[in-house]
Amino acid sequence: MTARDPLRLAILISGRGSNMAAIARACAAGRINAHIDLVLSERPGVAGLDTARAMGIETGTVAWPGAAERLHFERDLEAALAAARPDLIVLAGFMRILSEQFVTAHAGRILNIHPSLLPSYRGLHTHRRVLEAGDRVHGASVHFVTAELDGGPVILQSRVPVRPGDAEDTLSGRVQATEHIIYPRVIGWLADGRLAWHDDRPWLDGKPLAAPVVEDFP
Ligand code: GRF
């Protein structure tokens, strides 16, 4: 068996970067065969950029000129990514919507993590909406990015209970702790060749992935 080269990652963030840091720790510890070549933010000065630099990871910013200038932004983004030559673009709390053109150009090579059990609760404020609805379970989803917002095929979900007395902060903390486990796991599956994208859909262990893998957490 030939050893695979580490999967080259570019991670896009807009804020705290705790998922980026969890992926960086998994790479550094050798738990996944991947390497972060670049962390980019469209917001200068966010905490995640400091965290990445402190971990010895190259960082950059690409200015966001406004939604009307999305294609201009994506040209700059492509230029910043070109030097890093990533195998995989990892969206980790990246708060901008990428165009269909960008997503199609990188089909099967962009992942996102969303704090809900997709397809439920696409969009923002998921923890609050789950509490308002009185749901008993919640979670997070790692999915391939397609042109449909929060709509690409889901690969792995963490499912957590909603506890009596939960508030938005306790619930989001419980979900985020699981994000830091499932996101590196999916990247590891790609790095090991277990997960792949063919014929416009995900395959896991040589079979089309018909439904997300679900992992329960306490
Ligand atoms: C996470 O909750 C993730 O699910 C969502 O944005 C948040 C990012 O957090 N997409 P962090 O920046 O990784 O700490």
Side-chain angles (χ1 to χ4, degrees), residues 4-65 69-114 140-147 149-150 152-153 155-156 179-180 182-193 195-197 202:
R4 286 171 172 269
D5 288 335
L7 197 70
R8 299 172 65 90
L9 310 179
I11 304 190
L12 272 51
I13 64 169
S14 300
R16 183 181 47 179
S18 69
N19 279 286
M20 177 278 301
I23 295 162
R25 285 193 299 272
C27 293
R31 289 200 301 276
I32 60 176
N33 184 27
H35 182 267
I36 304 176
D37 288 88
L38 183 61
V39 170
L40 281 178
S41 171
E42 92 295 5
R43 291 182 186 159
V46 294
L49 289 174
D50 293 336
T51 306
R53 275 192 289 270
M55 297 176 94
I57 300 166
E58 184 167 339
T59 63
T61 56
V62 177
W64 173 255
E69 304 280 344
R70 189 186 315 279
L71 296 183
H72 184 170
F73 168 76
E74 289 177 352
R75 268 204 306 278
D76 293 346
L77 180 59
E78 291 285 15
L81 291 171
R85 292 183 296 108
D87 300 309
L88 184 68
I89 298 168
V90 178
L91 309 184
F94 181 67
M95 297 304 287
R96 304 296 175 188
I97 296 168
L98 296 167
S99 70
E100 180 167 4
Q101 190 182 325
F102 184 94
V103 169
T104 306
H106 299 276
R109 295 194 298 115
I110 313 179
L111 291 183
N112 184 42
I113 189 156
H114 183 76
S141 304
V142 178
H143 66 94
F144 280 109
V145 173
T146 62
L149 183 63
D150 298 331
I155 304 151
L156 177 61
E179 294 181 7
H180 301 162
I182 65 172
Y183 215 174
R185 182 162 300 158
V186 170
I187 294 168
W189 290 349
L190 273 166
D192 293 343
L195 176 65
W197 178 267

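Residue numbers run from 1 in the order of the sequence given. Here the structure is a predicted model, which means the values were calculated and not measured.
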Is there a side chain to side chain contact (heavy atoms under 4.5 Å, CB included) between Phe144 and Ile110 once you walk through the steps? CA-CA 6 Å; Phe144 280 109; Ile110 313 179; over 6 Å; no
Spacing of Ser141 atom OG and Ile182 atom CD1 [to the nearest 0.5 Å]: 6.5 Å
Report the residue from Val186, Val90, Leu156, Val142 that forms a side-chain contact (heavy atoms from CB on, under 4.5 Å) with Ile113. Val142
When you measure from the side chain of Ser99 to the backbone of Phe102, do you find a donor-acceptor pair of N or O atoms at a distance under 3.5 Å? yes
Interatomic distance, Ile36 atom CD1 to Leu88 atom CG [nearest 0.5 angstrom]: 11.0 Å
Heavy-atom distance under 4.5 Å between the side chains of Arg43 and Trp64, does that happen here? no
Flag the pair Pro153 / Trp197 as yes when at least one side-chain heavy-atom distance between them is below 4.5 Å, and no otherwise. yes
Considering all heavy atoms of both residues, which atom of Pro6 and which atom of Asp87 are nearest to each other, and what is their separation? O-OD2, 4.0 Å
Evaluate Glu42 against Thr61 for side-chain hydrogen bond (donor to acceptor under 3.5 Å, both in side chains), listing each step before the verdict. CA-CA 5 Å; Glu42 92 295 5; Thr61 56; over 6 Å; no
If only atom types and distance count, is the side chain of Asn33 paired as donor or acceptor with the main-chain N or O of Asp192 below 3.5 Å? no
Leu77 versus Leu12: any side-chain heavy-atom pair under 4.5 Å? yes
Could you tell me the separation between the CE atom of Met95 and the OG atom of Ser41, rounded to the nearest 0.5 Å? 11.5 Å
Enter the distance from Leu195:CG to Arg185:CZ here, rounded to the nearest 0.5 Å. 13.5 Å
Over 12 non-hydrogen atoms of neighbours within 6.0 angstrom of CD in Glu78: yes
Mind checking the OH-CG spacing from Tyr183 to Asn19? Nearest 0.5 Å is all I need. 7.5 Å
Do Leu38 and Pro86 have side chains that get closer than 4.5 Å, going by heavy atoms? no
Please answer whether the main-chain N or O of Ala84 pairs with a side-chain N or O of Arg8 as donor and acceptor at a distance below 3.5 Å. yes
For residues Leu71 and Gln101, determine if any side-chain heavy atom of one lies less than 4.5 Å from a side-chain heavy atom of the other. yes
Can you give me the closest heavy-atom contact between Ala34 and Ile187, atom names plus distance? CB-CG2, 4.2 Å
Do Thr51 and Leu49 have side chains that approach each other closer than 4.5 Å (heavy atoms only, starting at C-beta)? no
Whether the side chain of Arg70 engages the backbone of Ile97 through a donor-acceptor N/O pair (distance < 3.5 Å, no angle test) should be reported. yes
I need the minimum non-hydrogen distance between Val46 and Ser14, along with the two atoms involved. CG1-O, 3.4 Å
Quick one: closest heavy-atom pair of Val103 and Ala147, and the distance? CG1-N, 3.7 Å
Ile32 and Gly188: which non-hydrogen atoms are nearest, and at how many Å? CG2-CA, 3.7 Å
For the residue pair Ile57 and Ile11, establish whether any side-chain heavy-atom pair is separated by less than 4.5 Å. no
Of all the heavy-atom pairs spanning His180 and Ala22, show the shortest one and how long it is. CB-CB, 3.6 Å
Pair His106-Arg109, side-chain hydrogen bond (donor to acceptor under 3.5 Å, both in side chains): steps then yes or no: CA-CA 5 Å; His106 299 276; Arg109 295 194 298 115; 3.3 Å; yes
Spacing of Met20 atom CE and Leu91 atom CG [to the nearest 0.5 Å]: 14.0 Å
What verdict does the side chain to side chain contact (heavy atoms under 4.5 Å, CB included) test give for Leu9 and Ile23, after you've listed the backbone C-alpha separation in whole Å, the side-chain angles of each residue and the deciding distance to 0.1 Å? CA-CA 10 Å; Leu9 310 179; Ile23 295 162; 3.8 Å; yes
Decide yes or no for Leu190 and Leu111: does some side-chain heavy atom of the first lie under 4.5 Å from some side-chain heavy atom of the second? yes
Quick check: are there more than 12 heavy atoms from other residues, nucleotides or ligands sitting under 6.0 Å from CG of Asp50? yes
